[in-house]
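Below is one structure, written out as structure tokens; the observations come after it.
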Amino acid sequence: MDIDQPHSRAVSRRLRRAAGQLRGVIGMLESGRDHEAVLLQVAAVSHAVHRTAYLIIADQLRQCTADGDRRGVTLAEVERAFQNVGQLRNTGS
């Protein structure tokens, strides 16, 4: 299922912001900043990316439950989507 246009822009905006944060982290590393500060920023980038994943899931749920879409979404599909994002968090990816 495709991300609809307004939500696609929001997702792109969030990912561009996260990419900017990541470039900042790289700059911190290259300038010799301390590990604690770098790790704090890495955690912020990770959080931003995962929040974006949940935004994508929310968009899918909105589309699946819209009046014009009678296919619906099963509980198993929702659970699987959240587990996939949760696995990414737990593996550190």
Side-chain angles (χ1 to χ4, degrees):
M1 184 171 293
D2 295 333
I3 300 175
D4 65 356
Q5 200 60 29
H7 292 102
S8 177
R9 285 191 293 271
V11 167
S12 293
R13 199 171 32 253
R14 285 173 177 254
L15 290 175
R16 281 189 180 89
R17 190 175 310 130
Q21 286 178 297
L22 190 54
R23 284 189 296 276
V25 171
I26 293 167
M28 291 172 71
L29 283 170
E30 291 172 347
S31 68
R33 293 283 302 271
D34 69 274
H35 289 96
E36 187 175 342
V38 171
L39 288 173
L40 184 64
Q41 291 306 309
V42 168
V45 172
S46 177
H47 180 73
V49 170
H50 284 99
R51 294 279 300 170
T52 304
Y54 288 119
L55 181 66
I56 293 168
I57 292 170
D59 182 63
Q60 182 180 12
L61 288 172
R62 264 191 298 281
Q63 287 185 38
C64 289
T65 59
D67 290 340
D69 187 351
R70 299 291 180 211
R71 290 175 293 166
V73 62
T74 68
L75 182 57
E77 290 169 321
V78 174
E79 184 178 358
R80 194 168 37 255
F82 279 102
Q83 285 175 345
N84 287 339
V85 173
Q87 287 174 355
L88 289 175
R89 288 188 72 84
N90 291 333
T91 62
S93 298

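A distance-only check finds no donor-acceptor pair linking the side chain of His47 to the backbone of Ala43 [under 3.5 Å].
The distance from atom CG of Leu40 to atom CZ of Arg33, rounded to the nearest 0.5 Å, is 10.0 Å.
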Could you give the side-chain donor-acceptor pairs of residues 10-31 under 3.5 Å, partners two or more places apart or in another chain?
unit_1 : atom_1 : unit_2 : atom_2 : d
Ser12  : OG     : Ser8   : O      : 3.1
Ser31  : OG     : Gly27  : O      : 3.1
Ser31  : OG     : Met28  : O      : 3.1

